[in-house]
Amino acid sequence: MAQKPSIPKGTRDFSPVEIAKRDYIFNIVKKHFKVFGFQPIETPSFENSDTLMGKYGDEGDRLIFKILNSGDFISKVDDVTYSSKNSKSLTPKISEKALRYDLTVPFARYVVMHQNEIDFPFKRYQIQPVWRADRPQKGRFREFYQCDADVVGANSLLQEVELIQLYDRVFTDLRLEGVSIKLNNRKILAGIAEVIGARNNLVNFTVALDKLDKIGVEGVKKEMLTKGISEQSLTKAAPLFSLTGSNTDQLATLKNFLAGSEQGRRGVEDLEYIIKAFDELGLQSTRLALDVTLARGLNYYTGTIFEVAAPLGVQMGSIGGGGRYDDLTGIFGLKNVSGVGISFGLDRIYLVLEELGLFPEALDRTLDVLCINFGEKESMTALKLADQFRKQGFKADVYPSNAKMQKQMKYANNRNVPYVILIGEKEMTANSFVVKNMTSGEQNTYSLENPNEFLNTL
RNA sequence: GUGGUUGUAGCUCAGCUGGUUAGAGCGCUGGAUUGUGGUUCCAGAGGUCGCCGGUUCGAACCCGGUCUUCCACCCCA
């Protein structure tokens, strides 16, 4: 008996319309990647486990899909490990490969392995699926695409400025208005922790701070207290919970607040440079917003932190993120190579565009003309005509069988074909073809000698 | 990984405290219409009620497990 087929949790099939929409986004993103001078690379879908494990924190390790070794792997496990029933110690003995969790760490690995062939600064983009053994939710999948652009080997903040421009160009081109690019700096977060006396608790402090817009001031304070941050520290941090005003105003407040921390001051300088640059350069459709509560990717970001929020009113987590990491390739033995990069969350951008109805209508036009099949002789003539159309780049097809007219028309209708071509006995003798406009219902006759007369109207 | 939620026809969903043969709309197939779709009318096909087990004279409905969906945590694109 045939069983009902299914696909794993958090994965999806993509139908033709969906592919057309995905390609639409891909192509726009790619176009701008190229225009900004980025070059594409690809890396394997799976890596050696030690390349990935330990790079994303404990939480990340848990979410990495491990690949079982081939062969009789279990017999090679020593008895002690085997009977310990401890997943953490057993896993490395039965699995030495894992599915890629993001594109940044594999890129770092790539840079180290190919350092002698690469001309630095190296700007690369990469569009490939990644896998996370997460629990799915809306806009959260276990297999999804990331589109990354990173620059390695350049310390200059000019890169940050360019990456923000890149975000701006892509979202403008996608006609997605009201996107905000949130900006912060790891050095500022470290500076704050230093100033309020929570230096040893930086990660807990920032993770809690990151939730400000979600759980409110009281919620954040509560979480910080339970994570061992003192009452005095919280009192000192109070001004941060109510930062308001323009980016410049906030920077001024921060500068003051962080005067006692060298690291903090450097972070402020970084942000100041970037924000000032945009006073001069301007942005097309996005908004740049300083946000000290932003704390992403703390496991490797060391400088700038980016996060892109969908337009107000759209219920969706971040649609992009990125940052600067001074030491990423250091893990793989290459010191002093700075990197900065951004990522587009393709699947989420898709959902946002869908929700706002921003996909061009033309995307579902998968066929420009369909020729009705009237029989053997007629279909041969139709095929010749279709061939001429195809040679000129139009999407043309001939219905494969001499089915009932009604059925063929219905097929054309369901496929959203704008023009149907009829070549029957009458047309054959007159050496002509009839074009029916499926929107208006109008019909026009053209000569088979000169099909361009019709094509020129398309 | 923790807590909750969902699953009935291809799709969206009804289905009473557990009681004969599980329904609707849309879609599909055929006909009205032998060269005209999208509108209309008529007829028809299509369901192991997610899966496995239990309670019961009797289960779509109650219980347990499992898979899936969505949500809140954790974390994150």
Side-chain angles (χ1 to χ4, degrees), chain A residues 1-12 25 29 56-64 87-88 101-104 127-148 203-204 206-208 210-211 214-215 219 223 227 294-299 306-310 315-323 341-352 370 372-375 378 399 402-428 433-443:
Chain A
M1 186 170 108
Q3 54 169 354
K4 266 188 194 163
S6 64
I7 55 174
K9 192 202 301 206
T11 64
R12 298 149 296 162
I25 303 176
V29 171
Y56 310 98
D58 286 346
E59 197 61 32
D61 283 358
R62 203 194 81 209
L63 298 177
I64 290 173
S87 308
K88 216 168 175 180
Y101 176 86
D102 74 354
L103 301 178
T104 308
I127 302 179
Q128 289 190 280
V130 304
W131 295 269
R132 295 185 186 177
D134 209 353
R135 230 184 241 208
Q137 277 179 41
K138 185 177 188 159
R140 233 177 156 171
F141 308 97
R142 301 213 293 183
E143 176 184 63
F144 62 98
Y145 273 85
Q146 281 195 334
C147 318
D148 277 25
V203 171
N204 283 333
T206 49
V207 165
D210 190 49
K211 293 176 189 164
K214 209 168 176 179
I215 59 178
E223 178 162 338
K227 290 285 163 74
L294 178 61
R296 284 305 158 104
L298 283 173
N299 283 303
F306 301 112
E307 181 172 297
V308 182
Q315 203 71 26
M316 184 61 65
S318 62
I319 56 174
I342 57 172
S343 179
F344 289 83
L346 177 95
D347 298 273
R348 289 188 177 177
I349 293 171
Y350 181 107
L351 291 171
V352 171
L370 177 75
I372 299 291
N373 186 326
F374 282 90
E378 292 90 341
Y399 197 87
N402 181 9
K404 272 191 184 169
M405 179 88 159
Q406 200 176 166
K407 189 174 167 140
Q408 299 191 43
M409 289 300 285
K410 201 163 187 170
Y411 175 80
N413 196 57
N414 290 345
R415 287 242 357 225
N416 263 317
V417 182
Y419 298 98
V420 165
I421 287 179
L422 300 98
I423 306 170
E425 214 181 332
K426 269 188 292 186
E427 288 76 19
M428 291 283 281
F433 64 98
V434 169
V435 176
K436 172 161 183 158
N437 179 324
M438 293 295 277
T439 333
S440 64
E442 259 176 276
Q443 296 196 173

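Residue numbers start from 1 in every chain, and the chains themselves are labelled A, B, ... in the order their sequence lines are given, proteins ahead of strands.
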Checklist entry - Between A/A133 and A/F144, who's closer to the 5' end of RNA chain B by nearest nucleotide? => result A/A133

Check every strand shown and say whether [X] touches a base, only sugar-phosphate, or nothing at a heavy-atom separation below 4.0 Å.
X: A/E143; answer: nothing
X: A/G60; answer: nothing
X: A/G375; answer: nothing
X: A/N414; answer: sugar-phosphate
X: A/S318; answer: sugar-phosphate
X: A/F141; answer: base

Checklist entry - Considering every strand shown, what is the Watson-Crick or G-U wobble mate of B/rC62 when both distances are under 3.5 Å? => result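 Paired with B/rC62, as far as the under-3.5 Å criterion goes, is B/rG54.
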
Checklist outcome for this item: The Watson-Crick or G-U wobble partner of B/rG25, with both key distances under 3.5 Å, is B/rC11

Among the nucleotides [options], which one has an atom lying closest to any side-chain atom of [X]?
X: A/D134; options: B/rU69, B/rG38, B/rC75; result: B/rC75
X: A/K9; options: B/rU68, B/rA77, B/rG37; result: B/rU68
X: A/K436; options: B/rU68, B/rU36, B/rC75; result: B/rU36

Checklist entry - For A/Q406 and B/rU33, is the shortest distance between a side-chain N/O and OP1 or OP2 below 4.0 Å? => result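 Looking at the OP1 and OP2 atoms of B/rU33, neither is under 4.0 Å from any side-chain N or O of A/Q406.
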
Next on the checklist: Tell me whether the side-chain N/O atoms of A/K426 come closer than 4.0 Å to OP1 or OP2 in B/rU36.
Outcome noted: no

